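Working notes, beginning with the structure itself.
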There are 2 protein chains.
Amino acid sequence: MSTTWLSDAEQTAWRSFITTLPDLTAAFETDLARHGLSMGDYEVLVFLSEAADNRMRMCDLAGGLRLSPSGLTRRLDGLVKVGWVERASCAADRRVMYAHLTPAGRAKMEEAAPDHVASVRRHFLEPLGTAGVGQLGELFAKVRDHLHSLQPV
Amino acid sequence: MSTTWLSDAEQTAWRSFITTLPDLTAAFETDLARHGLSMGDYEVLVFLSEAADNRMRMCDLAGGLRLSPSGLTRRLDGLVKVGWVERASCAADRRVMYAHLTPAGRAKMEEAAPDHVASVRRHFLEPLGTAGVGQLGELFAKVRDHLHSLQPV
DNA sequence: AGCCAATAGTTGTGATCACAATGATTGTGT
DNA sequence: ACACAATCATTGTGATCACAACTATTGGCT
């Protein structure tokens with residue numbers, strides 16, 4: 001039925017989703033803060049650590065992180081200041097700046113990653129259960145595909 | 001298995017979840033912006049419209065919205081400025097300020113709500129399918145209960 | 001070659017939010 | 001009655017982010 005309102009089942013599902021999200025991300029942020037990292041910082045390190053040569057162009061990184069160009073510029077400022085990332089210009093295209101993970105950045109990343117994984121497991125995956133994890137993956141894959149089909153990247 | 005890393009199934013589930021979320025909320029924000037509302041504003045109106053006498057104490061509202069007291073104060077400033085909410089002091093306890101939904105605020109809320117519901121349905125519930133909606137509700141209810149059992153409100 | 005649109009990154013500005021400090025009021029314990 | 005802790009809301013300050021404007025560079029088109 002496609003009325004203007006939600007059915008009871010839809011209502012409870014939507015509410016449990018939308019009310020749980022802030023608490024869930026707050027739990028992740030709190031756990032990561034013990035390493036002096038925000039989730040935003042951590043995700044930058046993850047992207048760079050998985051990239052070829054531990055570096056990415058700013059625009060690609062911004063796209064992957066769903067950050068605006070200016071947002072990434074300022075986020076990187078912080079990471080550069082503490083020495084986990086450095087900027088490197090590109091000889092082939094002088095418009096381009098690379099964000100490059102430093103050894104210190106990689107060390108910080110490897111220090112924090114196990115705790116973060118444990119945090120995700122403890123606050124999220126574990127309560128879902130093995131079957132629930134599989135369901136969750138399928139559900140959000142559907143949502144993602146639907147979003148991308150409407151608003152192609 | 002509780003290793004330091006995620007299994008493939010966990011990995012794909014977690015990634016599809018964490019990468020879809022920003023796009024999903026962006027879709028909701030975009031749709032709501034057609035009414036001049038942010039999701040934050042909209043949720044304030046929802047809470048007040050469902051409260052007794054269309055009003056709530058600031059501290060209760062902040063708790064419900066998962067906002068800090070200062071965050072709510074500033075968010076309310078904006079809503080008061082456009083006339084959708086007004087502040088009212090409490091005779092019984094003069095520390096307390098009520099946030100009170102105005103008729104204009106209720107009208108704005110009733111104008112935007114059907115579109116927002118349609119947005120939620122279109123971007124989220126519909127791709128999930130009927131069975132998926134039920135699964136989602138159960139999954140996040142488990143996560144919520146787990147979070148609250150660890151960090152009681 | 002030369003013009004011009006497209007791309008890459010930064011900076012100015014304003015919005016949103018949290019933390020800490022402050023002021024005002026309430027309630028509790030003695 | 002009175003002191004003191006707790007509660008409620010706001011303000012000062014700083015962090016994060018997006019949008020718009022800007023500079024620099026590149027690549028396509030004539």
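Since the structure is predicted, the reported quantities are computational estimates derived from the model, not experimental observations.
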Seminar exercise, completed: From CZ of B:Arg95 across to P of D:dA5 the rounded distance in Å is 16 Å
For this session: Find the distance B:Asp60:CG to D:dA9:C1' and express it as a whole number of Å.
Result: 13 Å
For this session: Find the distance A:Leu67:CG to C:dG9:C1' and express it as a whole number of Å.
Result: 14 Å
Exercise. So, for B:Phe124 and A:Phe17, is the gap between ring centers shorter than 6.0 Å?
Worked result: yes
Seminar exercise, completed: Separation of C:dA18 atom C1' from B:Leu65 atom CG, nearest Å, is 15 Å
Exercise. Touch check for A:Leu72, heavy atoms < 4.0 angstrom, all strands: base, sugar-phosphate only, or nothing?
Worked result: nothing
Exercise. Is B:Asp23 salt-bridged to A:Arg144, going by a charged N under 4.0 Å from an acidic O?
Worked result: no
Seminar exercise, completed: Rounded to whole Å, the CG-C1' distance (B:Leu76 to D:dT11) equals 15 Å
Exercise. Does A:Arg75 make a side-chain N or O approach to OP1 or OP2 of D:dC17 shorter than 4.0 Å?
Worked result: yes
Problem set entry | Protein-nucleotide distance (A:Asp93, atom CG; D:dG28, atom P), rounded to Å | 12 Å
For this session: Return no unless some side-chain N or O of B:Arg57 is found under 4.0 Å from OP1 or OP2 of D:dT7.
Result: no
Exercise. Quick one: the side chain of A:Arg74 and the base of C:dG9, do they pair up donor-acceptor inside 3.5 Å?
Worked result: no
Exercise. Has the side chain of B:Ser68 got a donor or acceptor atom sitting under 3.5 Å from an opposite partner on the base of C:dC19?
Worked result: no
Exercise. To the nearest Å, how far apart are A:Asp41 CG and D:dA15 P?
Worked result: 13 Å
Problem set entry | Geometric class of the A:Tyr42/A:His116 ring pair [parallel <30°, tilted 30-60°, perpendicular >60°] | tilted
For this session: Using the side-chain contact (heavy atoms from CB on, under 4.5 Å) rule, pick out the option among A:Leu65, A:Leu67, A:Leu37 that qualifies with A:Val44.
Result: A:Leu65
Exercise. Does a distance-only test, which skips hydrogens and angles, find a donor-acceptor pair under 3.5 Å between the side chain of B:Ser70 and the base of C:dC17?
Worked result: no
Exercise. Taking N and O atoms by type only, does the side chain of B:Thr73 place a donor or acceptor under 3.5 Å from a partner on the base of D:dA9?
Worked result: no
For this session: Send over the distance from A:Met97 CE to C:dT7 C1', rounded to a whole Å.
Result: 16 Å
Seminar exercise, completed: Among the nucleotides C:dT25, D:dT10, C:dG9, whichever has the atom closest to the side chain of A:Cys59 is C:dG9
Exercise. Below 4.5 Å, heavy atoms only, C-beta onward: do B:Val85 and B:Leu76 meet side chain to side chain?
Worked result: yes
